[in-house]
Amino acid sequence: MDLKVINNTETQNTLESEKSRLVERLPTRSPIYLPTEKIPLEDQIEGLKRVEKLYTTELNQIYKPRIRALKKHFSGRKKRCFIIGNGPSLKKTDLTLLDNEITFAVNGFFLKSGDVNWKPTFYLVEDHLVAEDRAEQIKDFKGPIKFFPAYLAYCIEQDDECIFYNHRPRISYPHGFDFSTQADEITYTGCTVVFSAMQIAAYLGFEEIYLIGVDADYEIPADTKVSKSYGTSVLDMKSDDTNHFHPDYFGKGNRWHDPQVDKMLEAYKEAKKVTESINVKIFNATVGGKLDVFERRNYEDLFSDPKNFADSQKPKTLLLDFNKTGGASATGSLTAKYFEDWQKDRFLQICVPGTNQYEVFDRFDDNGPTPKSNVEEAINKFNPDIILYRPVAEHPHFHEFAMQTLSKLGVPYAVWLMDDWPSRLILHNPEYGEKIDNDLKQLCQNAAACLSISDAMSGAFGSRYGAQFKKFHNGVSPKKWSKIKRKQARKSDCTIRYAGGLAADMSIDSVRDIAQAVSHLNSVGQNVRFEIMTQKHWFSKYHYEFAELDGVEISVSTLSNKAYREWLSQADLLLITYNFDDDTKCYVKYSFANKLPECCASGTPIIAYGPDGLATLDTLEELNLAFRIKTRDPNELSDALTKLTNSPSKRLQLGKMAQSFAFSRFSIENYKMDFLRELVLASETIPKSFEYRRQVGSPEKVASVANTNYTLLSFFKKYTLSWKGVVGVFSAVLLAIALTMITITDSIVVKAGAIFMVFLAQLLLFLLIAHLAAHLNKTVAVLENRRNK
């Protein structure tokens with residue numbers, strides 16, 4: 001016999017022996033948990049060593065704590081979740097409705113992910129054939145938290161997205177199945193990965209588990225090759241897969257196990273029995289299919305219009321927001337949309353119509369300013385299930401009132417932040433900013449829910465305040481917008497429209513830029529109009545300035561909602577803009593403009609003018625929904641406006657894309673439904689109580705410059721007209737008198753007194769400088785701490 005053949009045989013035998021020794025040390029020794037011949041023997045051995053290490057140390061040290069941390073994270077946050085099977089019914093299921101839901105996807109869902117604009121929360125694979133055949137695709141499927149049984153570590157790489165869990169054969173084999181309620185310790189097999197997902201979902205604390213795409217209906221094609229090399233049938237098809245949502249799912253060379261539907265159904269019955277005993281309900285929301293073990297629910301009804309909810313299902317919500325719901329402000333308009341369907345006995349707001357005044361506002365009775373004692377009486381009478389508080393830097397008295405109310409009532413509460421005013425505040429008033437920063441950390445970490453206005457804000461504030469945030473911003477009703485007739489795009493003239501405020505730290509400078517560019521274009525013979533619609537106080541401040549510019553008009557916003565929609569739709573271009581200065585970037589970098597969904601829904605093309613790094617403008621650019629101008633150059637701005645006014649076809653294309661996106665992604669009905677669920681869930685949580693200590697001294701004094709920029713005048717007022725200024729002036733006068741006395745007298749006694757006065761003046765100046773240096777160091781430390789966060 002050839003020596004080379006002998007050596008190869010001996011090597012093979014040695015490797016086989018080593019593999020056998022490894023397998024004997026594992027708790028999962030059946031062939032369905034082990035590498036197949038597709039994996040080279042050397043790689044099998046290295047992989048099994050990783051599996052052994054998982055079972056002996058890493059499951060306990062690394063992965064069980066991670067699973068428990070997930071349970072803590074999701075406990076009480078969401079009542080329901082969705083487990084997505086991969087049956088053909090998924091092709092008839094509107095998966096876009098799951099955008100804001102907690103979802104478990106399995107196996108080949110990555111073939112579907114390109115069709116949806118979201119990633120599942122969790123992703124599971126438990127079959128070694130799927131793991132081997134799809135290893136690269138599983139690795140490249142980024143975003144979800146990935147659950148894998150420990151026995152798959154031979155072909156699944158360990159990374160930060162992966163959680164390995166202790167998945168074992170059922171102990172009731174062959175006459176029954178086992179459903180674990182302690183997935184951190186162990187889960188059991190049930191002939192389908194959906195059974196594993198059920199066990200993990202129940203452990204994480206979801207009370208309602210909805211199945212979709214779980215058809216429980218298979219037909220094995222005639223061209224399928226069946227192998228029974230280790231007892232369980234392995235199927236290998238040459239044709240397209242008709243049993244799943246995608247023809248390549250298990251088709252054309254991708255191996256899969258005999259589905260054994262009868263055993264799946266037995267496992268599902270066990271799941272139903274155990275979950276019902278722990279007050280967890282599993283529903284089948286699959287479109288069609290043959291699974292009848294679980295109670296059926298119509299899939300689309302799960303996302304029905306909030307108007308269809310019984311009034312009793314809406315928690316009695318006390319809104320603490322200094323802007324009145326339905327008022328002229330952007331936030332007042334936003335809260336009006338979210339609460340428009342809430343009945344009188346389910347909604348109450350406390351707002352601030354003026355300095356140190358409060359108003360009890362229920363959208364049905366507007367009684368004006370209310371004595372504070374009557375406000376407290378109204379709150380107690382209303383007896384809210386939950387409080388929704390929107391903190392802001394302005395009106396420090398209202399913040400004190402809100403914090404004391406939250407502390408005193410002891411009911412669950414939610415926090416809703418809409419701009420990064422805390423960063424602006426800490427720049428202009430570090431003392432008050434630091435106090436508010438501590439308040440916000442306390443608020444968020446004890447809240448039943450934390451709401452933001454954008455994904456960017458959720459990420460930044462989540463890290464800053466140590467809580468999980470969920471976005472809720474403005475949306476549109478496609479029915480109201482689709483019926484409005486659009487203006488026909490023409491070259492001959494162009495009307496640009498802007499609706500919004502003209503604040504110094506938001507938009508006034510950039511609106512000026514556009515106005516000046518339009519005036520210039522008109523001066524060289526182009527017919528361009530720029531119409532600005534703003535609030536009364538901004539009109540009063542700036543109308544003289546804009547009146548001098550050719551082709552520019554400014555007016556006060558008085559339009560009804562319907563007239564406003566028509567006004568946007570009849571423009572040639574709409575402007576969404578922010579200033580380029582640092583104050584604006586600090587304030588609105590995470591904001592999401594209230595007008596963005598409405599401008600998109602109008603079908604009118606949008607100009608997005610402003611710097612990089614602002615969530616609103618970056619969103620428009622990333623989604624290709626607007627014409628982006630991000631440098632502040634008058635010539636470039638004029639050139640861009642000229643190109644747009646002379647390109648009606650390009651404007652038409654941009655407008656259509658934006659409208660289509662708004663109708664599919666910015667539906668206010670979907671947002672309202674999710675908002676209602678968030679408040680319902682939050683109202684059902686056990687409130688975390690906290691004690692609030694009232695700010696020492698007058699809130700106005702502490703927050704006196706909360707909303708102002710540092711100017712020479714403000715510096716003069718703060719440091720000269722204060723005890724610091726008095727000490728400084730007194731020291732200077734004392735020093736001048738002493739020096740004068742020394743020069744004009746020969747008396748030793750007088751000179752000695754003068755020298756003492758010099759010493760006293762220097763001592764006072766030293767103490768003053770030390771105090772100011774300490775204050776400066778404190779300010780720098782606060783800013784550095786915020787920057788690091």
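By convention here, the first residue in the shown sequence is residue 1.
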K.L.:
With a 4.0 Å cut-off on N to O distance, would you call D618 and K589 a salt bridge?
P.N.:
no
K.L.:
Using modelled atom types and a 3.5 Å cut-off, is there a donor and acceptor pairing between side-chain atoms of K314 and backbone atoms of D341?
P.N.:
yes
K.L.:
Under 4.0 Å between a Lys/Arg side-chain N and an Asp/Glu carboxylate O for E376 and K381?
P.N.:
no
K.L.:
Under the 3.5 angstrom rule, does the side chain of D321 hit a backbone N or O of R390 as a donor-acceptor pair?
P.N.:
no
K.L.:
Considering all heavy atoms of both residues, which atom of Y432 and which atom of A393 are nearest to each other, and what is their separation?
P.N.:
CE2-O, 4.2 Å
K.L.:
I want to check something: taking the side chain as every heavy atom from C-beta on, are L574 and Y498 in contact at a cut-off of under 4.5 Å?
P.N.:
no
K.L.:
Do NZ/NE/NH1/NH2 and the carboxylate oxygens of K316 and D385 come within less than 4.0 Å?
P.N.:
no
K.L.:
Is it the case that the side chains of S507 and T577 hold a donor-acceptor pair, with the cut-off being a distance below 3.5 Å and no angle test?
P.N.:
no
K.L.:
Could you tell me whether the side chains of N323 and T331 share a donor-acceptor contact shorter than 3.5 Å?
P.N.:
yes
K.L.:
Taking it one step at a time, do R677 and K79 satisfy side chain to side chain contact (heavy atoms under 4.5 Å, CB included)?
P.N.:
CA-CA 9 Å; R677 290 198 196 96; K79 185 176 182 179; over 6 Å; no
K.L.:
Answer yes or no: is there a donor N or O on one side and an acceptor on the other, between the side chain of T616 and the main chain of L596, under 3.5 Å?
P.N.:
no
K.L.:
Under 4.0 Å between a Lys/Arg side-chain N and an Asp/Glu carboxylate O for K470 and D455?
P.N.:
no
K.L.:
Do T325 and L319 have side-chain heavy atoms sitting under 4.5 Å apart?
P.N.:
yes
K.L.:
Between E531 and W567, is there a side-chain heavy-atom distance shorter than 4.5 Å?
P.N.:
yes
K.L.:
Within the side chain of S591, is there an N or O that forms a donor-acceptor pair under 3.5 Å with the backbone of A593?
P.N.:
no
K.L.:
Treating D419 as the side-chain partner and V588 as the backbone partner, does any N or O pair qualify as donor plus acceptor under 3.5 Å?
P.N.:
no
K.L.:
Can the ring centres of W416 and Y338 be said to be less than 6.0 Å apart?
P.N.:
yes
K.L.:
Heavy atoms only: give me the nearest L427-P430 pair and the separation to one decimal.
P.N.:
O-CD, 4.3 Å
K.L.:
Show me the side-chain donor-acceptor pairs of residues 552-559 shorter than 3.5 Å, one per line, residues at least two apart or across chains.
P.N.:
unit_1 : atom_1 : unit_2 : atom_2 : d
E553   : OE1    : R529   : NH2    : 3.3
E553   : OE2    : R529   : NH2    : 2.3

K.L.:
What distance do L320 atom CG and Y413 atom OH have between them, rounded to the nearest 0.5 Å?
P.N.:
12.0 Å
K.L.:
Counting distance only, does the side-chain N/O of S602 pair as donor-acceptor with the main-chain N or O of C599 below 3.5 Å?
P.N.:
yes
K.L.:
From F580 CZ over to D513 CG, what is the distance, rounded to the nearest 0.5 angstrom?
P.N.:
7.0 Å
K.L.:
Show the nearest heavy-atom pair for residues A608 and L620, with the distance to one decimal.
P.N.:
CB-CD1, 3.9 Å
K.L.:
For the rings on F675 and Y671, is their centre-to-centre separation under 6.0 Å?
P.N.:
no
K.L.:
Output the distance between atom OG1 (T317) and atom CG (L679), rounded to the nearest 0.5 Å.
P.N.:
5.0 Å
K.L.:
For T584 and D581, test the side chains for any donor-to-acceptor distance below 3.5 angstrom and give the result as yes or no.
P.N.:
yes
K.L.:
Donor-acceptor pair, K337 side chain versus G475 backbone, under 3.5 Å?
P.N.:
yes
K.L.:
Test the R497-Y564 pair against the cation-pi criterion, namely NZ or CZ under 6.0 angstrom from the six-membered ring centroid and within 45° of the ring axis.
P.N.:
no
K.L.:
Answer with yes or no after comparing the ring centroid distance for F322 and H399 against a 6.0 Å cut-off, counting only values under it.
P.N.:
no
K.L.:
With a cut-off of 6.0 Å (strictly less than), are more than 12 heavy atoms of other residues, nucleotides or ligands near CG of N561?
P.N.:
no
K.L.:
Taking atom NZ of K595 and atom CG of L568, what is their separation to the nearest 0.5 Å?
P.N.:
9.5 Å
K.L.:
Do the rings of F339 and W342 sit parallel, tilted or perpendicular, given the 30° and 60° boundaries?
P.N.:
perpendicular
K.L.:
Looking only at heavy atoms, what is the nearest atom pair of P478 and V476, with distance?
P.N.:
CD-O, 3.4 Å
K.L.:
Check whether any side-chain heavy atom of P611 lies under 4.5 Å from a side-chain heavy atom of K630, and answer yes or no.
P.N.:
no
K.L.:
Tell me, do F398 and I350 make a side-chain contact under 4.5 Å, heavy atoms counted?
P.N.:
yes
K.L.:
CG of L318 to CZ of R346: how many Å apart, nearest 0.5 Å?
P.N.:
13.5 Å
K.L.:
With a 3.5 Å distance limit and no angle check, can you tell me whether K324 reaches the backbone of C351 through a side-chain donor-acceptor pair?
P.N.:
no
K.L.:
Are D420 and R424 close enough for a salt bridge, meaning some N to O gap below 4.0 Å?
P.N.:
no
K.L.:
Output, in order, the C-alpha distance, side-chain angles, deciding distance and verdict of ring pair (Phe, Tyr, Trp, His ring centres under 6.0 Å) for Y609 and Y578.
P.N.:
CA-CA 7 Å; Y609 177 51; Y578 291 106; over 10 Å; no
K.L.:
Report the relative orientation of the aromatic rings in F469 and Y465; use parallel for angles under 30°, tilted for 30 to 60°, perpendicular for over 60°.
P.N.:
tilted
K.L.:
Salt-bridge test for K435 and D439: reply yes if a basic N is under 4.0 Å from a carboxylate O, no otherwise.
P.N.:
yes
K.L.:
Compare all side-chain heavy atoms of S569 with those of W481 and state whether any distance is below 4.5 angstrom.
P.N.:
yes
K.L.:
What verdict does the side chain to side chain contact (heavy atoms under 4.5 Å, CB included) test give for N594 and H473, after you've listed the backbone C-alpha separation in whole Å, the side-chain angles of each residue and the deciding distance to 0.1 Å?
P.N.:
CA-CA 7 Å; N594 211 45; H473 55 61; over 6 Å; no
K.L.:
Look only at the side chain of Q659 and the backbone of A601, and say whether a donor-acceptor pair between them is shorter than 3.5 Å.
P.N.:
yes
K.L.:
So, D437 and R464, do they make that salt bridge, N to O below 4.0 Å?
P.N.:
no
K.L.:
Is there a donor-acceptor pair under 3.5 Å between the side chain of N446 and the backbone N or O of Q442?
P.N.:
yes
K.L.:
Could you measure the distance from the SG atom of C586 to the NE2 atom of H428? Nearest 0.5 Å is fine.
P.N.:
7.0 Å
K.L.:
Could you report the tightest heavy-atom contact between C450 and C444, atom names first, then the distance?
P.N.:
SG-O, 3.5 Å
K.L.:
Restricting to non-hydrogen atoms, name the atom on I386 and the atom on P315 that form the minimum distance, rounded to 0.1 Å.
P.N.:
CG2-CB, 4.1 Å
K.L.:
Pair I379, T405 - check side chain to side chain contact (heavy atoms under 4.5 Å, CB included), show working.
P.N.:
CA-CA 9 Å; I379 291 173; T405 300; 4.3 Å; yes
K.L.:
Are any non-hydrogen side-chain atoms of L637 and R632 less than 4.5 angstrom apart?
P.N.:
no
K.L.:
Do I606 and L575 come close enough that some side-chain heavy atom pair is under 4.5 Å?
P.N.:
no
K.L.:
For R512 and F546, run side chain to side chain contact (heavy atoms under 4.5 Å, CB included): C-alpha distance rounded to whole Å, both residues' side-chain angles, the deciding distance at 0.1 Å, then the answer.
P.N.:
CA-CA 8 Å; R512 281 193 185 109; F546 289 111; 4.3 Å; yes
